[in-house]
Amino acid sequence: MFKGRDVISILDFTKEDLITLFKEAREMEKYAKSRINILQGKVLALAFFEPSTRTMFSFQTAMLRLGGSVLVFSEVEKTSIAKGENLGDTIRMLDSYANAIVIRHRIEGAASYAAEIAESPVINAGDGTHHHPTQAMIDYYTIWREKGGIEGLTLGVLGDLKYGRAASSFILASTIFKPKKLYLISPQELRVKPEIREFLEEHNVKYVETQNLKEVLGGLDVLYVTRIQRERFPDLAEYEKVKGSYRVTSNILKYAKEDLMILHPLPRVEEISFDVDVTRYAYYFKQASYGVPVRMALLKLILSGD
Amino acid sequence: MFKGRDVISILDFTKEDLITLFKEAREMEKYAKSRINILQGKVLALAFFEPSTRTMFSFQTAMLRLGGSVLVFSEVEKTSIAKGENLGDTIRMLDSYANAIVIRHRIEGAASYAAEIAESPVINAGDGTHHHPTQAMIDYYTIWREKGGIEGLTLGVLGDLKYGRAASSFILASTIFKPKKLYLISPQELRVKPEIREFLEEHNVKYVETQNLKEVLGGLDVLYVTRIQRERFPDLAEYEKVKGSYRVTSNILKYAKEDLMILHPLPRVEEISFDVDVTRYAYYFKQASYGVPVRMALLKLILSGD
Amino acid sequence: MFKGRDVISILDFTKEDLITLFKEAREMEKYAKSRINILQGKVLALAFFEPSTRTMFSFQTAMLRLGGSVLVFSEVEKTSIAKGENLGDTIRMLDSYANAIVIRHRIEGAASYAAEIAESPVINAGDGTHHHPTQAMIDYYTIWREKGGIEGLTLGVLGDLKYGRAASSFILASTIFKPKKLYLISPQELRVKPEIREFLEEHNVKYVETQNLKEVLGGLDVLYVTRIQRERFPDLAEYEKVKGSYRVTSNILKYAKEDLMILHPLPRVEEISFDVDVTRYAYYFKQASYGVPVRMALLKLILSGD
């Protein structure tokens, strides 16, 4: 059910699909620091029209660990794109060289446009403020792997829920996994878009919007933290006023459940203070390291012959 | 006849050499999306002092498909070059690391200078407005492969014939393959240089210069389109006046032979309109995809031991 | 004694360690242009927060020749670092992907900080004006390999002995190899730091400081030349006055011993004139080419299982 498939949105996948992926990823953990020669001779093109160290390196490592190779297309300004080549022609080029294409682009819909053009499978590694499906796979894999499942849990998502790509994908994916409850924690200015609220309602996800982390923290099993960018605030004074309330510190964690799991797509800036790193709540480095086995599993399922 | 050889100009090769290369390339097409382990353990240095996505990726893919590896040297400003290292020392360095060197440089003669210094074979991937021999190999391979030969054909070359590197290499290579006739189609300002006209005459290539595409289109078997850069015109008004006449649209193709083949070294900007992509005339994406097997063939012939 | 070890300073190693490394490097010379599959499946992260073509390519080539792969992290401005990610988080990321990390950073102590965080071995490829241990390994390997030993030799180090990272590492390493005598040749402004003089004294290295190359040249077996950067002089007129005296030309070499060996970490700018390249004294290109076997040996000793 994965072979040759495009990966554009997390919503293209059923819960069954994702559990298959998760089981494969758990298997791949064994090889994430060594090698399994499943994709020898295969080439993966990494087309990064926006920079992203982590996502790029974790795809690259995944491909290398599977015995394959990569073509890294990431120097936007210095290439034909700058000379004015259109996205379609660039994708056609990569399509004729590689066996699959990973694309990251600042424009929404770019990945799905690329998938229309390319014969090879296309994997969306982030398009505009839209989708970042492999990030959501890693996020939910971390919960599934560490908590044994998702259904009975209360999840919180903190930060920029309006423009944040990782947060959006995480929230959308909740409609697949149906947590017990979903708290959407953000400043008024950065609430989820109305269409996402509607989507949650259609899919019977029980969600609560709030501006107050402290109030809801005690009920959470998982807190997914994302960054709030200063640039999103029309009024900087407003930003300065609210930013402290959305910062996770060891101090506020006094209100947390004992087995609270804190996730973050990384990189983080100030939204999680360093003293949290050494607490039992910090799962974000582990989550980051799961990037490799989850992407290995995905590439294996999409690209390996049988 | 290829082993250990430098590739500086297309004119270094005889017709027999190139037909050998073409036959090897046709064989390599089988492996262009998978792998053949002929150059395992070999390292190819890609020294790009000018950016070029397509040429670089197609060499890189070719080397990976042959089982080898690449060193990519492409970030001119950030490296020793910026600190003032001279080209010779950089070439010596790459020579001591790699088994062969591909070089692209904005200065004419750079590749031939590199070849003097390096013990390893050097392949010119474009020097100034001068040569781009592997592009010419791909161009003529496409014609040979798709038309079954070149001798009896009428070829047209459209665009900037004065400064365009790919156009120059294509025109020079006509002296090897001797087409029936060669039309040189360009604005007055961008005619081929006198020394190239002389060279064609010396080699008995029948050529006609014209500024009018429409008039000659009906007689062409192959139309090689290249870009006209606005910057080449001292007078922008002049550019605006002529540019439409050198644009290939599905409209003008009403005057074309049924089996006209349109080629382009890519990237294209406006010189071929998108509606041409879906016509039977468009061979430029296929031509681009031949970049991998042709370069595989070249690398195999130059680098493989026997 | 190397397995799993961090490489932060040349002083972490005993003479016995280094001779073991040198013997391994001499063995690796056989494979420096071909391949030996010792590290197949291993991934080396190259974390270059400062650009360095030579060091990066020579590590990359070494890893490829050993059958391994690399992740190149070198585009400082375009990545999360620019978004403000801290060094610790970046190292944690690379640590979770790779089997070892090579780091170059403009801040002193960065490599040793990275080694504290990472579980994988960390190799310092230059931190600030501080250490560059693998360069020193290559420098002394070249002397050992070409002269058969170091003990009885008179060495000279020329250039910026105050801020030059390669020069510092070379001078510090003299305490391990105990040459007969060490001449420190530099303008007054760029003398070695007092703590390095003290260190030499503690370790009984016989050294002489001088500003005059010509006077001491005749007694040298090895002259290690480094660059003097204009920027180091508060007074440009002063720089212009002295620079000629620290330039090695074929003219000044009339005063040299017949078997003088000139080394340079490269890239060079004007401090060795091109006419020296063709003299018998020039060993710097050979020295550069030893970068691959020495780094192969180091990676093999640190990473290969037994």
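Chain identifiers are assigned alphabetically (A, B, ...) following the order of the sequence lines, protein sequences preceding nucleic acid strands; residue numbering begins at 1 within each chain.
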query: Which residues in residues 115-123 of chain B have any heavy atom lying under 4.5 Å from a heavy atom of chain C?
result: B/Ser120
message: Measuring centre to centre across the rings, with the benzene-like ring taken for any Trp, is C/Tyr290 within less than 6.0 Å of C/Tyr140?
response: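 Ring centres of C/Tyr140 and C/Tyr290 not closer than 6.0 Å.
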task: Would you kindly check if the NZ (Lys) or CZ (Arg) of C/Arg104 is within the cone defined by 45 degrees around the ring axis of C/Phe48 and under 6.0 Å from the six-membered ring centre?
output: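 No - C/Arg104 does not lie over the ring of C/Phe48 by the 6.0 Å and 45° rule.
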query: Relative to C/Tyr284, does B/Arg92 satisfy both conditions: NZ or CZ under 6.0 angstrom from the six-membered ring centre, and within 45 degrees of the ring's axis?
result: no
Partner set under salt bridge (Lys or Arg N to Asp or Glu O under 4.0 Å) for C/Glu24, not counting sequence neighbours: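 Partners of C/Glu24 by the salt bridge (Lys or Arg N to Asp or Glu O under 4.0 Å) criterion, ordered by chain and then number, come out as C/Lys300.
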query: So does C/Glu29 pair up with C/Arg26, basic N to acidic O under 4.0 Å?
result: no
task: State whether the number of non-hydrogen atoms from other residues, nucleotides or ligands found under 6.0 Å of B/Lys193 atom NZ is greater than 12.
output: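 Yes.
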field: Contacting region of B/Ala45 [heavy-atom separation from chain C under 4.5 Å]
entry: neither
- prompt: Looking at C/Ser58, C/Ser289, C/Ala288, which has the largest count of heavy-atom pairs under 4.5 Å with chain B?
  reply: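 Ranked by contacts with chain B, first place is C/Ser58.
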message: Is it the case that the side chains of C/Thr226 and C/Glu271 hold a donor-acceptor pair, with the cut-off being a distance below 3.5 Å and no angle test?
response: no
message: Between C/Phe285 and chain B, with a heavy-atom cut-off of 4.5 Å, which part of the residue counts as in contact: side chain, backbone, both or neither?
response: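 It is the side chain, since no backbone atom gets that close.
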